[in-house]
Amino acid sequence: MNCGCNQFTPVASRREMLRLSAGGFGYLALAALLDRAVTAPALACSDNLDPLTNPLKSRPTHLPPRANRVIFLFMHGGPSQVDTFDYKPLLERDDGKPLPFAKPRIVSSETGNLLRSPWRFSRHGDSGAWVSELFPYVARCVDDMCIVRSMHGSNSRHGGALLELHTGSDTFVRPSVGSWVTYGLGSENQNLPGFITICPTLTHGGVNNWSSAFLPAVFQGTPIGTASVPADQAKIPFIENHDAPGTQNARELQRLEVDLIQQMNRDRLAVTGPDAALEGRIDSFELAFRMQMAAPELQSIADETEETQQLYGLDDAKTRNFGRQCLMARRFAERGVRFIQVTHSYKWDQHDDLKNAHASNAMEVDKPIYGLLVDLKRRGMLADTLVLWGGEFGRTPVAQGTNGRDHNPHGFTMWLAGGGVRQGTQYGATDDYGYYAVDNKVHFHDLHATMLHALGLDHTRLTFRHAGRDFRLTDVHGTVIHEILSN
Amino acid sequence: MMTRTAFSLLFSLVAALGVAPIASAPDEQTSALAQAESVPQEPGDLGQRAAPQQVERGKAEVWSLQPPLDPPLPMVRQTVWPESPIDFFILARLEARGLAPAPRADKRTLIRRATFDLTGLPPAPDEIKEFLADGSPHAFARLVDRLLASPQYGERWGRHWLDVARYSDSNGMDENLAYANAFRYRDWVIASLNADQPYDEFVRQQIAGDLLPDSTGQTSRGDSAADRHTAGIGRIIATGFLSLGPKMLAEDDPVKMEMDIIDEQLDTIGRTFMGLTIGCARCHDHKFDPFTMSDYYGLAGIFKSTKTMDNFKVVARWHERPLGSKDEVAAQESHQKQIADKKAEFNRISNDANESLVDEARRSVGKYLLAATALRRERFLIESIKPELAASNSSNIPGVIVIEAENYVRGNVKREFTGYGAEIGVVYNQGELPNVAEFDVELTEGGTYQIELRYAAAESRPIRLLVNGQLIKADAAAKISGSWYPDTQAWSAEAIVRFRGGNNVIRLEREQPFPHIDKLGLVPRPSREPNHGVPRTAEEIADAAGLNSAIVGQWAKYLDATKDDPTSPLAAWHAASSLAAPEGAGPLFAELKGSIEHALAARYQALCDKAGDAWKSLRASPEGAAAKSLNDAALELLRKLLYDTKGPFAVPEKPERFYRSETAAQWVKLREELATLEKSSRPLPEAMAAREGQPQNLKIHLRGSHLTLGDEVSRRFPKALSGDEEPVGNDQSGRREFAEWLTRPNHPLTSRVMANRIWHWHFGAGLVRTTDNFGTLGETPSHPELLDWLAHRFVESGWSIKAMHRTIMLSATYQMSAAYDSAAAQIDPDNRLIWRMNRRRLEAEAIRDSILSVSGQLDLSMGGTLLDSSNRVYVKGYPNSVYDKYDFNRRSVYLPVLRSMLYDVFQTFDFADPSTPNGERATTTVAPQALFMLNSKLMAQQSHYLADRLMADHEMGDMARVGWLYERALGRPPSDLELSRAVEFIGRYEGALQGELPGGTEVRRRAWQALCRSVMASSEFIYLE
């Protein structure tokens, strides 16, 4: 299989090293892997290269990339923009009065008059961005962020809005953003899935939110746990042997088995003659064997310093779970996983009990997110990691009951930080009360187009032919918002 | 300048399944390659995608819209090879390119190929033996006939069809509700294929089965009761096809929801039956195929006029139909109407009786106030009693009776005088439940006593206290004293009871163990009128005043709730009734306080009557019929008191207790009649299905939005296919006409698309590789004449799918080996010209079924559902975990298919996404598949069973065991090398386990299990030659 045109990439840094080995299982093994896992043979000399046997190979981009990977911090349920990042003095002034303009034609629940935010806002950083007291830690990072205050979608229900955010369609099953990104860029680490979603939700579209739909299954998000599994128990599917003989040398025994299988497979290949799938299958057993050696180290955080663990809030019961998810995200990012989603489980849906629940939710994520941004930055990774924060929609500035807010897809806030982002800026605006996006509106399609652009992918050229059509993440929509991106 | 070979390679890479992202091969490049590839060859030589910019719209340009020709057989040079007309078409093309067909596959390969192809299972060793022994030239034809006749055929090909029908047992999308009746459609598909139902009828039933004449009914509805029914049921079940799709059930905009559901139906129908992406024309005229928005909305009107949903609310409800003969359905409907009528009558009687009950009470507000206040005072009395015996000099109380608990006369509890009972003697549980202790108390004359208990308890163990068979208190001795030991023993006052003269029986009982009881005490209380000093119950108070006891209780509760509320209309009452007597006040104070209460009660009565009258007359007036309140604020407060359905005049629980006797008798009679009716209903099973809705046309939705409507379009079929045919009649949806139009023998697409699907499922690649797209953006056929020839034979055979299998499988083409030929591979690397058989990986189901089959665990029983979720509820596990109830040995086709929660084994091996029609499954080769083979529970279990099977025969030597394993798993004997390698593996594995595990049997079993798993993990096991 060696095409004779492999080029060894010098191992330059710890990160590079981790990426190549997925977790340091010995130099010899690493050296043995280098020619298979690291280098991508050029197309012309790979007479048996089937795209399906090596679909995660790192691929060239359409444009120079500003970021090489994505970490998406998903706040399931819909955090309120007017209580977090979208300061509205008039909402404070007109508390209790009727909304002075019409509510949307389609709403999810009945709402009343304007409801001021229970939280104080203040300006932060050199950029002077307004952030409420719900996010004291994240507020320290506003100079790394571009806060987009004019997001809008078109579906007022969780299911539809989640699918729109994750796949661009609330009507059909379509590939997830993470699948498109992995399809477009391949992976930097052949020993790990290219798209990992940590503790994803199984509601509101569930798997469809990380599925590859008609893209090949290899671009599917690999779930590590689910929203109801604590982060420290999340696992890769089939990674553990269900027949562990309870012996010391289980690995050695399994190696005997793999050797026999591979012997049979090579014999078969000798009988059939050249066959890309059968060759790919031989490779897949080696990769599988390596993956299961890499996985335990990957998911353990034992080698993280106490200082790092505290940075993510692992020392506090309130922040421990999300902190661990964020720390896992950094570890995956470090090892070259292309798209990592971290889900804060379905908690942000405050139709009532806004004061307590939003405060509690924000507290659970605030320090971990800060920890992640700081940690990425000091490791030099923030420069090429695109971090995205937000929910499937925002909430109404008008009250539902006395202490709640309804779903609001018409205007809400998401923020981006890190690689490719024009830092220390805010983009777009909602009306005086924060109900509708009015200036420089950014639809999910635009967000997707912009994210792909930051990764060096042209959203109009990243296509996949299925059922006779060239499909895109952005369908026939989407505009790259250059103002969000760095020059 | 690239060489031609390089071009070919590059083309095949780029085109292969469309996988190469455009990031590395932009569209222009693909089409440039396609042109370069096609220039020197005859048109249509190799199937390929037309470049979009070359597309001319219109019927004339789209090959698939032309009627199929019935071509003559082409001339071939090599006349010995062809065994069927198919072979002439294949060979002619091969010869034109200087290629020769691969040699015939050997018989072992053939039986394995044919058995998997038709049944999805490996051939059994004796079946192989029989086939090898059959030297007749008809051996293979006989084999094919046997396989086509086996019930497993329908399961295999039914599953293929389910891929294009996007079959699923749950909705997926936003609200993952269980489609618990979907399995009936699946079973109908399997039965239809086994019966070789003509394909045209198969199609018609799925679109309009409910509208077709009775005579064509299918027989199975997927449960045991099915056999009673013949005509009709299957045709209803078949329309489940329209309903099975994924839907956004929680969409706030009902119009959008309905149009999205119709769109999903059109998209599925278009791709499944015609290979057309008509869904594209929802928002704009089709960019590449001759379909306009008018065509789309003409068809959409047909499905707008069809009912597959009961409503479009959040969360919406899909339509289901009862399954039975006409008479049965009519009987069920009439029975349900009877129940509904009876229920209505029953409700009317109850409501009338309740209303008059409450209305009568409303006229006695004053009396209720007095009675409820009296009740509260009695209750206060009970709550405030203290244990008199707790005081140290208590034994001096005149007339007191103290009984040692251990002196019980009847009962089953243990008497203990040490430990728990040290120095005092107690009773407690000795194991027999319920715990019981009875005491006889002899009194010369009757009297009122306060009952006290002395006990110790570390946890609350409330007991029932009965006197003379009457329950006095259900939670006596419920307090926690702190331990089970004597040091925490304490008295508690439990009740005030009237004892009779002569013998009285005190009974203590508990289902669970007693607390540790030391003594019972009876303390005499002053006996006074009217009740001998025993607190009166609500019943007693109500009876004395001629009131309803339940409402007295409600009033007492209401008084409790409002006692501190200054805004309550009862604030004055609370102030007056809580007047405390000043120190030293005599009985006169109490009497005068009583007068105040009586006078106030009368005033309340008068005011409430006024409020009630005002309300009744307001509601009776035309302008007040919809009134919700009285204008007068004070009266409104009292109105609320009277009419609040949760207030003191709420309808009491079990109001029938208080009905007048004739009403009560009528109520009981009706209730019994209703129960009898309900008990006698045997609901028919139901299926997701369609029926006719309100016939109506749709307006064009500009840009696909229902908010911007254009011209109305008559319900009709696409113009490019139907020409200027008349629209369907106004009095029906047009669904039946559409189904008939779709299955006309000369429809250019229906027969071609299905013939191509059958070819695809036999060869792993269709003559048109894009099986679901016969439009301009699909590929053109590699052998257009052969496809047309097949389409003609298909229709001629009466649309018999089984006849198509025979036609295809008995060709020399099908029976070629998959042998590699480097020269041919250079010319035609993708095997588009079919110079050999394609090597195919088994699908997820076939892999699992093979594993179970080889391990001897496969259960071949058919039909029914394994879904562990009730209909219309969230799929089990949702939302906290993934559904995981797949632990069955049934064939994979019967395992639940859950959208968004697909079985991980299916998912790993490229199961078709059940959200969308899918005629070409992907075949990936990725590491998780290897992890499955090495680590999954399924592989561990089944290799364990297989090893046990091998070990069970003690006579068998290791060599013979390996031979048996190879025959069974791979359909061939092992070579000498394989034999010795396997035996050596066993030795090495055993060696590695020695010292780790005690006992040779377990070590041996583990080693054989590892060998079995390795064989099943090998490529040969999951790849078909």
Side-chain angles (χ1 to χ4, degrees), chain A residues 50-53 59-60 62 106 108 156-157 159-160 171 173 183-184 202-208 213 216-218 228 237-243 245 247-249 252-254 256-257 260-261 264-265 268 272-275 277-278 280-281 284-285 287-288 291 461-463 465 467-469, chain B residues 16 18-24 26 173-176 246 248 250-253 260 271 277 770 772-773 775 777-778 820 839 841 878-882 900-901 904 910 913 915-916 922 924-932 934-937 940 985 988-989 992 996 1006 1010 1014 1017-1020:
Chain A
D50 178 334
L52 284 179
T53 62
R59 280 183 275 280
H62 301 127
I106 299 286
S108 146
S156 52
R157 286 278 166 178
T171 312
V173 174
Y183 162 67
L202 292 169
T203 58
H204 300 140
V207 172
N208 295 341
V218 66
S228 54
F238 299 129
I239 201 75
E240 280 181 358
N241 195 324
H242 276 274
D243 191 36
T247 53
Q248 297 298 314
N249 56 354
E252 188 190 318
L253 287 166
Q254 198 175 49
L256 281 177
E257 223 176 298
L260 178 65
I261 295 167
M264 293 176 76
N265 290 347
R268 191 69 200 160
T272 63
D275 184 305
L278 296 187
R281 198 157 185 275
S284 75
F285 271 89
L287 174 55
M291 264 173 81
R461 287 163 69 199
L462 182 67
T463 63
R465 184 158 294 179
R469 251 187 77 193
Chain B
V19 150
I22 303 308
S24 56
M173 292 305 276
D174 55 344
E175 304 287 320
N176 207 356
M248 292 294 284
E251 162 62 59
D252 280 323
D253 188 338
D260 283 350
R271 285 157 65 180
T277 55
T770 53
D772 305 330
N773 193 339
L777 289 190
Y820 182 77
R839 181 169 298 110
R841 201 204 64 209
Y878 180 100
N880 294 322
S881 56
V882 174
S900 299
M901 289 197 183
D904 54 8
D910 308 303
D913 175 3
S915 299
T916 176
T924 63
T925 308
V926 292
Q929 293 166 356
L931 286 172
F932 165 84
L934 296 172
N935 293 338
S936 70
K937 202 169 139 200
F985 171 82
R988 287 179 66 187
Y989 202 93
E996 294 277 358
R1006 287 251 170 103
S1014 302
S1018 73
S1019 295
E1020 188 177 353

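We name chains A, B, ... by the order of the sequence lines, and we start the count at 1 in each one.
One finds no salt bridge joining B/Arg271 and B/Asp772 here, because no Lys/Arg side-chain nitrogen approaches an Asp/Glu carboxylate oxygen to under 4.0 Å. Taking 4.0 Å as the cut-off between side-chain N and carboxylate O, A/Asp275 and A/Arg268 do not count as a salt-bridged pair.
Looking at B/Asp913, the atoms closer than 4.5 Å to chain A (heavy atoms on both sides) all sit in the side chain, from C-beta outward. Residue contact with chain B, scored on non-hydrogen atoms closer than 4.5 Å, involves the side chain of A/Glu252 exclusively. With a 4.5 Å cut-off on non-hydrogen atoms, B/Arg839 touches chain A through its side chain but not through its backbone. Only the side chain of A/Ile106 comes within less than 4.5 Å of a heavy atom of chain B; its backbone N, CA, C and O stay farther away. The part of B/Phe985 that comes within reach of chain A is its side chain, from C-beta onward, which places non-hydrogen atoms under 4.5 angstrom from that chain.
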- Query: Checking side chain to side chain contact (heavy atoms under 4.5 Å, CB included) for the pair A/Phe238/B/Asp904: CA distance, chi angles, key distance, verdict?
  - Reply: CA-CA 9 Å; A/Phe238 299 129; B/Asp904 54 8; 3.9 Å; yes

- Task: Mind running side chain to side chain contact (heavy atoms under 4.5 Å, CB included) on A/Asn265 and B/Glu1020 for me, showing each step along the way?
- Result: CA-CA 7 Å; A/Asn265 290 347; B/Glu1020 188 177 353; over 6 Å; no

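Of the listed residues (A/Ala288, A/Gly159, A/Gly273, A/Ser156), the one with the most heavy-atom contacts under 4.5 Å to chain B is A/Ala288.
Here the CZ atom belonging to A/Arg465 is positioned 10.0 Å from the OG1 atom belonging to B/Thr770, to the nearest 0.5 angstrom.
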